[in-house]
Amino acid sequence: MQPLLPVRRIGEHPLAPMPRDVWPATLAPVRQLLDDGLQLGAVTVLVGDNGVGKSTLVEGLALAYGLNAEGGTVNARHQTRRSESVLGDHLQLERGAGASKRGFFLRAETMHGLFTYLESIGDVAAYHERSHGESFIDVVISRSSVRGLWLLDEPESALSLQGCLALIGLLRDLVERGSQVVLSTHSPILAAMPGADLYEVGEWGIRACAYDDLDLVRNWRAFLDAPDRYLRHLD
């Protein structure tokens, strides 16, 4: 039996096409998403270098779903500085019939503002009094009752190796209880999340990729095997 996924597919909205010469449609992954769409499974992981469009894709999905651009649930409305693209206005989501419409969005670059907002509405977790990583894990735990679409943008920026493993455990539990997860990452640990559909994002667009074939994984393995080969070029 197919799971009831909050979002089964993302594509360009037929009534709101996006000009391909306008950013972010000038990015190959965004253009491919608009042209061909993208199927989503229970867990989808996007990996790729800085600036290729991973966060733009996740942000666009969040906005099209009705989530706040700076993080939180569909009810969050806080904003510190508007910086999101217009991609979300041009996306159409194919939702699972009868699936949850709830969700939660976590993005590394706006976590401070999200913590401040949560405290302002009565959350007593005192996120600012803990380390970045501890607060990140705490907010996932405190919102684990949200069954729906979970979006995470580069969460490893807050986490140690053990923190990444803890996050995988929490996300696995969410999926087992019926949630759907989409995350972008530079972490080979998070990319190893069991059951994930892996996509490599780059100047070629978006391509499905096995874990061992990801540039991310091969580069980290090569560096850890012989870091001097990389560090000597810094002199």
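Because the structure is a prediction, the values reported are computed rather than measured.
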Participant: Hey, any chance Leu106 and Val175 share a hydrophobic cluster, counting ILVMFWY side chains that come within less than 4.5 Å of each other, even indirectly?
Facilitator: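 As far as the 4.5 Å side-chain criterion goes, Val175 and Leu106 are connected within one cluster.
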Participant: Within this structure, what is the CG-OG distance for the pair Leu149 and Ser100, rounded to the nearest 0.5 Å?
Facilitator: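 Between Leu149 CG and Ser100 OG, I get 9.0 Å after rounding to 0.5 Å.
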Participant: Of all the heavy-atom pairs spanning Ala64 and Gly88, show the shortest one and how long it is.
Facilitator: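 Answer, listing the atom of Ala64 first, then Gly88: CB-O, 3.8 Å.
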Participant: A side-chain contact here means heavy atoms from C-beta on lying under 4.5 Å apart; do Leu152 and Thr185 qualify?
Facilitator: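 Heavy-atom side-chain distance check fails, nothing below 4.5 Å.
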Participant: Going by heavy atoms in the side chains, are Gln180 and Val7 under 4.5 Å from each other?
Facilitator: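 A side-chain contact exists here, since the closest heavy-atom pair is under 4.5 Å.
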Participant: About how many Å separate CG of Leu61 and CG of Leu67, when rounded to the nearest 0.5 Å?
Facilitator: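 Going from the CG atom of Leu67 to the CG atom of Leu61 covers 8.0 Å.
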Participant: Look up atom CG in Asp228 and atom CZ in Phe223, then write down how far apart they are to the nearest 0.5 Å.
Facilitator: 8.5 Å
Participant: To the nearest 0.5 Å, tell me how far Tyr199 OH sits from Thr44 OG1.
Facilitator: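 Between Tyr199 OH and Thr44 OG1, I get 6.0 Å after rounding to 0.5 Å.
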Participant: side-chain contact (heavy atoms from CB on, under 4.5 Å) between Phe105 and Val58: does it pass, once the steps are laid out?
Facilitator: CA-CA 9 Å; Phe105 184 25; Val58 174; 3.8 Å; yes
Participant: Run Ser184 and Asp153 through side-chain hydrogen bond (donor to acceptor under 3.5 Å, both in side chains) and show every step you take.
Facilitator: CA-CA 5 Å; Ser184 69; Asp153 182 28; 2.6 Å; yes
Participant: If you count the non-hydrogen atoms of other residues, nucleotides and ligands that lie under 6.0 Å from CD in Glu94, is the total more than 12?
Facilitator: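 Enclosed.
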Participant: Using every non-hydrogen atom in the two residues, find where Ala97 and Leu4 come nearest and quote the distance to one decimal.
Facilitator: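 It is O-CD2, 3.4 Å.
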Participant: Are Leu15 and Ile10 linked, directly or through other ILVMFWY residues, by side chains that come within less than 4.5 angstrom of each other?
Facilitator: no
Participant: Would a distance-only check, ignoring hydrogens and angles, find a side-chain to backbone donor-acceptor pair under 3.5 Å from Asn219 to Asp215?
Facilitator: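 Answer holds: yes.
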Participant: Any side-chain heavy atom of Leu27 within less than 4.5 Å of one from Leu57?
Facilitator: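 Sidechains of Leu57 and Leu27: no contact.
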Participant: Do Leu214 and Trp204 belong together in a cluster built from hydrophobic side chains that touch within less than 4.5 Å?
Facilitator: no
Participant: Taking the side chain as C-beta and beyond, is there a heavy-atom pair between Val140 and Leu167 under 4.5 Å?
Facilitator: yes
Participant: Measuring from atom CG of Leu46 to atom CG of Leu38, what distance do you get when rounded to the nearest 0.5 angstrom?
Facilitator: 7.5 Å
Participant: At what distance, to the nearest 0.5 angstrom, does OG of Ser142 lie from CD1 of Ile137?
Facilitator: 11.0 Å
Participant: Stepwise, does the side-chain contact (heavy atoms from CB on, under 4.5 Å) test hold for Leu33 with Leu91?
Facilitator: CA-CA 9 Å; Leu33 179 71; Leu91 294 180; 4.0 Å; yes
Participant: Side chain of Lys54, backbone of Gly48: donor and acceptor closer than 3.5 Å?
Facilitator: yes
Participant: Would Leu87 and Val22 show up in the same hydrophobic cluster when neighbours are defined by side-chain heavy atoms closer than 4.5 Å?
Facilitator: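 Each belongs to a different hydrophobic cluster.
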Participant: I'd like to check Leu183 versus Leu171 (side-chain heavy atoms, cut-off strictly below 4.5 Å). Are they in contact?
Facilitator: yes
Participant: For Arg9 and Gly37, work out which heavy atoms get closest and say how close.
Facilitator: NH2-CA, 3.5 Å
Participant: Could you report the tightest heavy-atom contact between Gly148 and Pro6, atom names first, then the distance?
Facilitator: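 Shortest heavy-atom contact: C-CG, 3.7 Å.
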Participant: Which heavy atom of Val30 sits nearest a heavy atom of Pro24, and at what distance?
Facilitator: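 Shortest heavy-atom separation between Val30 and Pro24 comes out as CB-O, 3.2 Å.
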Participant: With the side chain counted from C-beta on, respond yes when Pro194 and Ile168 share a heavy-atom pair under 4.5 Å apart, and no when they do not.
Facilitator: yes
Participant: Checking Gln32 side chain against Ile206 main chain: does a donor-acceptor pair fall under 3.5 Å?
Facilitator: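 Here the side-chain-to-backbone pair exists.
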Participant: Taking all atoms of both residues into account, what is the closest heavy-atom pair of Leu190 and Pro155, and its distance?
Facilitator: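 Leu190 and Pro155 have their closest heavy atoms at CD1-CG, 3.7 Å.
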Participant: Please confirm whether the backbone N or O of Ser85 pairs with a side-chain atom of Glu59, one donor and one acceptor, at under 3.5 Å?
Facilitator: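 Yes.
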Participant: Has Arg95 got a side-chain atom pairing as donor or acceptor with Lys101's backbone, closer than 3.5 angstrom?
Facilitator: no
Participant: Go through Asn50 and His186 one step at a time and tell me if the side-chain contact (heavy atoms from CB on, under 4.5 Å) criterion holds.
Facilitator: CA-CA 9 Å; Asn50 291 322; His186 296 289; 3.0 Å; yes
Participant: In the structure I gave you, are the side-chain heavy atoms of Ser144 and Arg177 within less than 4.5 Å of one another anywhere?
Facilitator: yes
Participant: Kindly say whether Pro14 contributes a backbone atom to a donor-acceptor pair with the side chain of Gln92 at under 3.5 angstrom?
Facilitator: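 No, because the side chain of Gln92 does not come within donor-acceptor range (under 3.5 Å) of the backbone of Pro14.
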Participant: For the hydrophobic clusters of this structure (ILVMFWY residues joined by side-chain heavy atoms under 4.5 Å, transitively), does one cluster hold both Leu63 and Val182?
Facilitator: no
Participant: So Leu165 and Leu159, side-chain contact (heavy atoms from CB on, under 4.5 Å) or not? Walk me through it.
Facilitator: CA-CA 9 Å; Leu165 293 175; Leu159 301 174; over 6 Å; no
Participant: Between His90 and Ala16, is there a donor-acceptor pair closer than 3.5 Å when you use the side chain of the first and the backbone of the second?
Facilitator: yes
Participant: Is a side-chain N or O of Tyr65 found less than 3.5 angstrom from the main chain of Arg102, in a donor-acceptor match?
Facilitator: yes
Participant: Using modelled atom types only, decide if a donor and an acceptor are shared between the side chain of Arg20 and the backbone of Met18 within a distance under 3.5 Å.
Facilitator: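 Pair found, side chain donor or acceptor close to backbone of Met18.
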Participant: Between Arg31 and Thr26 (side chain of the first, backbone of the second, donor and acceptor by atom type, cut-off under 3.5 Å), is there such a pair?
Facilitator: yes
Participant: What I'd like to find out is whether the side chain of Arg221 reaches to under 4.5 Å of the side chain of Asp212, using heavy atoms alone.
Facilitator: yes
